[in-house]
Structures are given as C-alpha cells and as structure tokens.
Amino acid sequence: MSDPVALFFIFLKAAALGMGGYGSLPLLREDLVLTGLATDEQLIQALAVGRFSTGPNGTYILSLGYFVGGIGGAIAALIASCLPPLVMVPLVAVARGRLLSPGFAGFNRGVLLAISGLLLAFGLAILVPTGRSGLAWWHIVLALGAMAVTVQGRVHPAILIGVGAAAGLLLGR
Amino acid sequence: MAPVTLGDLARAWIAVGTQSIGGASSTVYLMRSRLVERTGWLTRREFMESYSLSQLSPGIHLIALAALLGHRLAGVRGVLVSVAGMMVPAAIITVALSAILIGVTGHPLTHAALAGVGPVTAGMTAGLAVISARGTVRRGLRGALDVAVIALAFMTFVGTSVSPAIVIIGCGLVGILLLRHERPETERAAGEE
C-alpha cells in the first residue's frame, strides 16, 4: 500500500498539468505504472469504475487512488484533483482579461492538442498489455468499435463497458 | 430573489454528485437544471460564461465550474460547499464500486470480463482524444499545424521516454508562439468534457 502523502503529490502533479477529466491519464501512467506502484490492469479497472460512477469525468483518479493506497489513497486523490481547478476562482477575479488574451488562448490550444496526442498514444499503450497471451482479433474489434461509438457519442459509456465485459466472458476464457 | 443559503446550495450539489451517472454531459445537464432552470439562482448567460471560463482550468474542468458557480452564488464558502457537495458523494460512490471490484477480482469470470473491458477502455480513451482534437483543431493551414502538434505529442509518447509533463508544457509554449490566432471552440465540447 503506497504512502498517501507521496500519492497526493503524484495526483496533484497529474491534475495540475492535465486538462480535462482524462488529461491526467498519461501522467499517472508514467508516475504510477512505469514506477511499479500500479499496473495497467488497475488503471483499466479504475477507468471502468469511473465510467459507472457519478460525478464529472475524471473520477477514475479516485478509484486509482483507492486501488494503490486504500481509503488514504482515495482521499489523497480527491484532495489533489480538487485543488488545481480551484485556482480559477482567484484567477477569474483578478485576471479575467488575461485569461481571454490571444497568448493564453494559444497556450490553452497547445496543451489541449498535446493531450489529444497523448491520449491517443495512451489508448494504444493500454490496448497492448490487455492481451497477455497475445493481442487477439476481438480485442482490436472491440477497441475500434468502442472508439467509433465514443466519437459518435450516442451510447452511454457504462453500456460500452458492459458490452466489453460480455465479450470478454464469451471470448476471453 | 432571496439569497441562496449554504444549505440549499449543498442540497443542489449533492443531488448533482449523486445523480450524474455517465460523466460530463449528465453532470452539466444536472448543474444547469438545478442552478438555472429549477431554482433561477443563475441566468443561462451567467452559467455559460462560467462554463467557458472553466474550460481554461487545469485538471477536471467541471470542478472549476462548480467552484466558479459556487463563488457567484455564495462567495468563498459557496466554493467549498459546491465542490465538496459534488465531489464527496461521487468519491464515496466511486470508492464503494472500487471495493466491490476488488472483492471479485480474483474470480475467473471477473478475469474474463476484464479481458473485454480493457480493449473497450482503450478504444474509449482514443475516442476521447478524437473528440478533444475535433473541438480544438482549426480549419485550413492552421489546422495542419494543429495536427502536427498532435502527431508530435503522439510520437513523443510512443517513441521516446520524454515525460508527458514536458510534452504538455512544451506544446503549451509552442501554442503561445504559433497557435494564438483564436480561442479553442470550448463551447462545442459542452457535453463532451
């Protein structure tokens, strides 16, 4: 079980540098999975739990905190994920004009584009270890189908997870 | 209109935090329903202005939105009540679901089911990347520059050991120099973030 204080700083870094609910994913994989504190399987499970849970996108961080650090890890993840967005309150109060400047818009666009590229690569990175005994054809079909349906945006994410679980029960044994 | 009490505010945000299954779109819908349509505490314009500003935030944008709306309605205490009201119930539900999953992880059927959940999660993440890019990439030659930044971030993650943190900050700095012509179309992603 990892130290909640150390986890807090890992989650804080990810929340501060990632934009959006899933922008922290590549950062957390680097700091938790590649360092051996968590596994890709735990990350996938946390993402699935986040899709079933309530609240905004990004609650997967709380599940991941629980997986690697128990209740203390979940609390660390909760506090760390809430702090960076709070800076918007004083920023909007004192520097609203600067937030709407072309320079800040350019920075914002650059960060969003980087996160798009990183998330695409992250999707590929977590697909590969899924097939421990080799990537099967149905893994690829499921991934491409889930990608297309997500882009279309008409199916609830929890249903997609359910379809994946059913496919795993039928084909993964 | 009578001032909003902290108790009223807490009840509204707890409802958002416990009923918004499915991520951003349902959360934004509930926020607007509770704070604009049902109570009239905020106008649609005020809500959308805070929404647009929240899209510039680091981290989870909807936490920033809860904070900005809470501040409009009840000052600093409104910030704390709004963020805690939305996130604490969501955290309790998330931890409970995680504990249930840990309890059944060792079962062979769970193992098989997760073998199908993995590729779906990977595909959904890639889909989110496409949605994010679709709302950000511009048209024409500027769009080609945007796509080049996405490709650079992708290749750096796949082909090098450079930290994603460096990639994000680096692309932000590139954005200040080269991508500053207009603001990202954040409102188009209202139901997607």
Side-chain angles (χ1 to χ4, degrees), chain A residues 15-17 20-22 26-27 44 47-49 53-59 62-63 66 74 78 82 84-86 88-89 92 99 102-103 105-114 116-121 123 126-127 130 139 142-143 146-147 150-151 156 160 164-165 167-169 172-173, chain B residues 17-18 20-24 27 53 56-60 62-64 67 71 79 83 90-91 93-95 97-98 112-113 115-130 132-133 136 146 149-150 153-154 157-158 164-165 167-168 171-172 174-176 179-180 183-184 193:
Chain A
L17 290 175
Y22 295 97
L27 296 149
I44 288 166
L47 283 165
V49 167
S53 189
T54 60
N57 284 340
T59 50
L62 312 175
S63 179
Y66 181 73
L78 174 64
C82 286
L86 292 183
M88 289 307 287
V89 174
V92 167
L99 286 176
F107 181 82
N108 189 245
R109 182 187 298 282
V111 169
L112 286 172
L113 293 171
S116 298
L118 291 171
L119 279 181
L120 209 54
I126 60 170
L127 176 63
T130 300
H139 290 140
L142 273 180
M147 182 178 169
T150 300
V151 170
H156 195 287
L160 271 182
L169 288 170
R173 283 191 281 169
Chain B
T18 51
S20 54
I21 298 171
T27 310
L53 287 166
L56 304 173
S57 161
I60 300 173
L62 294 189
I63 295 178
H71 191 253
V79 173
V83 172
I93 292 167
T94 305
V95 167
L97 290 172
S98 305
V117 169
V120 166
T121 309
M124 288 165 79
T125 307
L128 289 168
V130 173
S132 171
T136 312
D146 293 342
V149 174
I150 294 175
F154 178 88
F157 188 93
V158 171
V167 177
I168 290 169
C171 289
V174 167
I176 293 175
L179 309 172
R180 52 188 290 165
R183 298 170 52 68
E193 173 40 48

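Every chain is numbered from 1 and lettered A, B, ... according to where its sequence line falls, protein lines coming before strand lines. Quantities reported herein were computed from a predicted structural model and do not represent experimental measurements.
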(request) Show the numbers, then the answer: is there a side chain to side chain contact (heavy atoms under 4.5 Å, CB included) between Leu27(A) and Ile168(B)? (result) CA-CA 10 Å; Leu27(A) 296 149; Ile168(B) 290 169; 3.9 Å; yes
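Between the CG atom in Leu78(A) and the CD1 atom in Ile63(B) there is a gap of 7.5 Å [rounded to 0.5 Å]. Interatomic distance, Leu142(A) CG to Thr121(B) OG1, rounded to the nearest 0.5 Å: 10.0 Å. Between the OG1 atom in Thr136(B) and the CG atom in Leu112(A) there is a gap of 4.5 Å [rounded to 0.5 Å]. Note: Ile176(B) CD1 to Arg109(A) CZ = 13.5 Å, rounded to the nearest 0.5 Å. Summarising the geometry, atom CG belonging to Asp146(B) is positioned 5.0 Å from atom CG belonging to Leu113(A); distances are rounded to the nearest 0.5 Å. Here Leu62(A) contributes atom CG and Leu97(B) contributes atom CG; the two are 11.5 Å apart, rounded to the nearest 0.5 Å.
In terms of heavy-atom pairs under 4.5 angstrom with chain B, the leader among Gly58(A), Pro26(A), Ala167(A) is Pro26(A).
Applying side-chain contact (heavy atoms from CB on, under 4.5 Å) to Val117(B) and the options Ile44(A), Leu47(A), Leu160(A) leaves one that passes, Ile44(A).
Residue Val174(B) does not touch chain A at all, counting heavy-atom pairs closer than 4.5 Å. Both the backbone and the side chain of Val49(A) come within contact range of chain B, each with at least one heavy atom under 4.5 Å from a heavy atom of that chain. Proximity to chain A involves both the backbone and the side chain of Thr94(B), based on heavy atoms less than 4.5 angstrom apart.
A donor-acceptor pair under 3.5 Å links the side-chain atoms of Thr27(B) to the main chain of Gly55(A), judged by distance alone.
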